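Below: the structure, in structure tokens.
Below, all heavy atoms of this structure are taken into account, side chains as well, without hydrogens, waters or symmetry copies. Fair warning: this is a prediction, and the values are worked out from it, not measured in the lab. Order of the sequence lines sets the chain letters (A, B, ...), proteins ahead of strands, with each chain counted from 1.
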Amino acid sequence: MSDGGLILMDELAADWEGPAATSSTEDRALYLELDGWEGPLDLLLDLARRQKVDLRRISILELVDQYLGYIDHAEELRLELAADYLVMAAWLAYLKSALLLPREEQPDPSPEELALRLQLRLQRLAAMRDAAARLMGRDRLGRDVFLRGAPEGLRVDRRNKWQCDWFAVIQAYGMVKARTAPVVHMVRDRMVMTLDSALTRVASMLGVTLDWMELREFLPPHADPRLRRSALASSFVAALELARLGKAELAQDETFGPLRLRQVR
Amino acid sequence: MESLDDLVRAVEATLFAAEAPMSAEAISAHLAGADVHDALAQLVQHYAGRGVELVERGQRWHFQTAANLAHLLRREREDVRRLSRAATETLAIVAYHEPVSRAEIEAIRGVQTAKGTLDVLLEAGWVRVAGRREVPGRPVIFATTPNFLVHFGLESRRDLPGIDDLRAAGLLDPVDDVLAALLPSGGEAGENPQPPLASADESA
Amino acid sequence: MESLDDLVRAVEATLFAAEAPMSAEAISAHLAGADVHDALAQLVQHYAGRGVELVERGQRWHFQTAANLAHLLRREREDVRRLSRAATETLAIVAYHEPVSRAEIEAIRGVQTAKGTLDVLLEAGWVRVAGRREVPGRPVIFATTPNFLVHFGLESRRDLPGIDDLRAAGLLDPVDDVLAALLPSGGEAGENPQPPLASADESA
């Protein structure tokens with residue numbers, strides 16, 4: 001058990017503190033230490049411990065009187081009291097008056113229950129305060145016990161052992177090649193009449209007659225339709241070429257109509 | 001000098017050289033997967049009563065100087081910073097109740113927790129954020145760390161001073177639970193004239 | 001210091017916690033002036049043959065890992081990892097085209113090559129820097145190592161199959177499939193986009 005928590009610190013100012021200062025338990029000191037209380041519950045706990053009985057047997061009425069007396073005295077001394085303390089004072093005054101009422105006139109929840117609640121809370125705070133003191137009093141690392149001052153340190157150098165097999169390399173290369181090979185457009189073999197052969201063919205056929213001939217008549221008869229198509233195109237270009245050279249003339253009566261040609265003398 | 005098992009020597013050397021406490025698994029991993037439990041037990045026994053001891057804290061092992069030499073070795077200066085009362089109480093509440101929310105800490109202490117108080121404990125590496133409570137508002141909850149056990153020389157939280165007595169006395173149970181058990185109609189305990197700062201709601 | 005035992009323990013703990021080797025005088029000063037020579041001798045004897053030894057170097061004392069356990073302090077661990085596809089492709093390109101610069105590798109892969117990819121191959125010991133290409137910018141060029149041949153079981157790089165072999169093995173098949181899908185198949189070839197002239201003529 002600590003001595004009722006008269007070691008006070010300003011928790012807001014600094015949570016790491018120098019050595020704790022002890023102070024006397026005289027009343028005067030008590031009032032001067034107002035700033036050091038950790039709130040009204042803290043003050044109540046300290047007052048309760050002054051009753052020097054087990055917290056389970058404290059007199060709540062006596063505690064209320066002590067608290068209210070403390071607040072009055074502080075006000076006489078014109079000490080600034082935080083609102084929390086005044087709120088607690090008002091509540092305790094209410095609790096006291098309720099406790100003094102005949103049982104049948106007592107409000108709900110009963111003041112006994114409220115008093116019990118207060119008592120339970122004081123017990124819990126006291127328990128944690130003691131626990132904290134015992135914890136802090138343990139053999140602590142860096143103060144009472146020490147780790148090795150200069151450990152060599154364990155170092156694990158991680159190395160990657162890379163794995164890959166021969167097939168994966170070959171396959172990867174195949175994939176690269178496949179992905180980046182230039183795109184080749186392969187044209188299927190087909191029967192064609194080249195321009196040269198069309199030119200020869202049309203020129204020689206033109207020499208046979210002086211009459212107009214339809215272009216279609218220059219095409220190889222009975223040919224595969226695909227060859228006829230190619231021959232038609234080549235022969236048309238051949239006709240244009242012969243006209244350009246002045247060896248043939250062309251005529252067409254209407255748009256898309258039959259194209260005719262004849263030799264120029 | 002008994003002739004020493006190679007494994008015991010290896011575990012001893014490893015823990016001596018380690019810069020931080022090691023779990024049995026980590027030691028084992030460092031030693032090509034050997035089972036080190038027997039070796040650890042042998043070392044604990046060998047070092048018992050010597051100036052240096054092998055201890056287990058939160059399932060991790062390290063050597064440290066014997067506690068009963070503290071009077072010779074104690075250093076009050078730099079290493080151990082003194083905690084404010086608010087911080088020590090908060091630490092105790094976290095340790096004995098974990099996981100706890102800030103509101104639950106405040107319900108016990110009867111006072112608001114200054115922002116810096118928990119920060120100090122987090123920074124010291126004794127307290128960590130342990131997730132959120134799945135209640136409205138999803139408050140952050142706090143718990144202690146393995147480092148806390150190391151610093152305060154606790155093998156586990158079960159070694160917290162007096163924790164069994166506190167639990168048996170119901171002093172780790174929320175006030176509302178105790179009241180509900182004591183009072184027949186305790187359910188809605190104290191809706192109206194609550195003690196100020198009672199924060200009964202938060203401990204629910 | 002009451003008994004010799006306590007002194008031995010205190011010296012042990014002091015040296016353990018010390019951040020640097022300590023002379024006998026310094027230890028003594030730390031322990032209220034006790035004569036520590038006997039204690040040191042006892043400790044040397046006690047630790048002989050253990051995983052940790054007490055040694056004197058230049059009249060200063062410290063604990064250190066037993067010399068024959070020094071290998072424990074620095075361990076090598078091998079993580080077996082599979083080469084990524086990017087790295088495998090890069091390796092293949094180096095093997096087929098060496099020496100190649102990074103830019104050339106990228107040109108062949110048709111993809112940018114991350115810096116780490118070549119690092120992995122260098123680390124694996126399969127690829128080496130083979131100088132610089134004497135062109136503007138003097139890029140580093142890469143080639144395979146003898147280790148590459150050993151790992152992949154090749155007598156020489158000539159053992160790498162040629163492109164024709166790859167095709168024969170079906171490794172280039174995907175390409176043909178792609179091309180075939182792109183090309184219109186026989187029948188309809190050229191039927192659709194007719195030159196107006198010809199079609200007119202034909203239909204006439």
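- No part of B:Ala20 comes within reach of chain A, as not one of its non-hydrogen atoms sits under 4.5 angstrom from that chain.
- Between A:Met136 and B:Leu91 there is a side-chain heavy-atom pair separated by less than 4.5 Å.
- A heavy-atom distance below 4.5 Å is not found between the side chains of A:Arg134 and B:Leu160.
- Of the two parts of B:Thr14, the backbone and the side chain both hold a non-hydrogen atom closer than 4.5 Å to a non-hydrogen atom of chain A.
- Put simply, the side chain of A:Leu116 reaches to within 4.5 Å of the side chain of B:Leu179, judged on heavy atoms.
- Distance check, rounded to the nearest 0.5 Å: CD of B:Gln64 to CZ of A:Arg148 gives 14.5 Å.
- Atom CG of A:Leu125 and atom CD of B:Glu89 lie 5.5 Å apart (nearest 0.5 Å).
- Residue A:Leu120 holds its CG atom at 10.5 Å from CG of B:Asp173, rounded to the nearest 0.5 Å.
- Annotation: the span from B:Leu72 atom CG to A:Asp144 atom CG amounts to 12.0 Å, rounded to 0.5 Å.
- With a 4.5 Å cut-off on non-hydrogen atoms, B:Leu171 touches chain A through its backbone and its side chain both.
- Residues B:Val150 and A:Leu141 come closest through the heavy atom pair CG1-CD2, 3.4 Å.
- Of the atoms belonging to B:Phe63, it is backbone heavy atoms, and not side-chain ones, that fall under 4.5 Å from chain A.
- Ion pairing between B:Asp176 and A:Arg117 holds under the 4.0 Å rule for side-chain N and carboxylate O.
- B:Tyr96 OH to A:Leu135 CG: the interatomic distance, rounded to the nearest 0.5 Å, is 5.5 Å.
- When all heavy atoms of A:Arg138 and B:Phe152 are compared, the pair lying nearest together is NE-O, 2.6 Å.
- A pairwise comparison of heavy atoms in A:Asp139 and B:Ala67 identifies OD2-CB, 3.0 Å as the closest pair.
- Between A:Met128 and B:His97 there is a side-chain heavy-atom pair separated by less than 4.5 Å.
- Within the 4.5 Å cutoff, the side chain of A:Phe146 has no heavy atoms near those of the B:Leu69 side chain.
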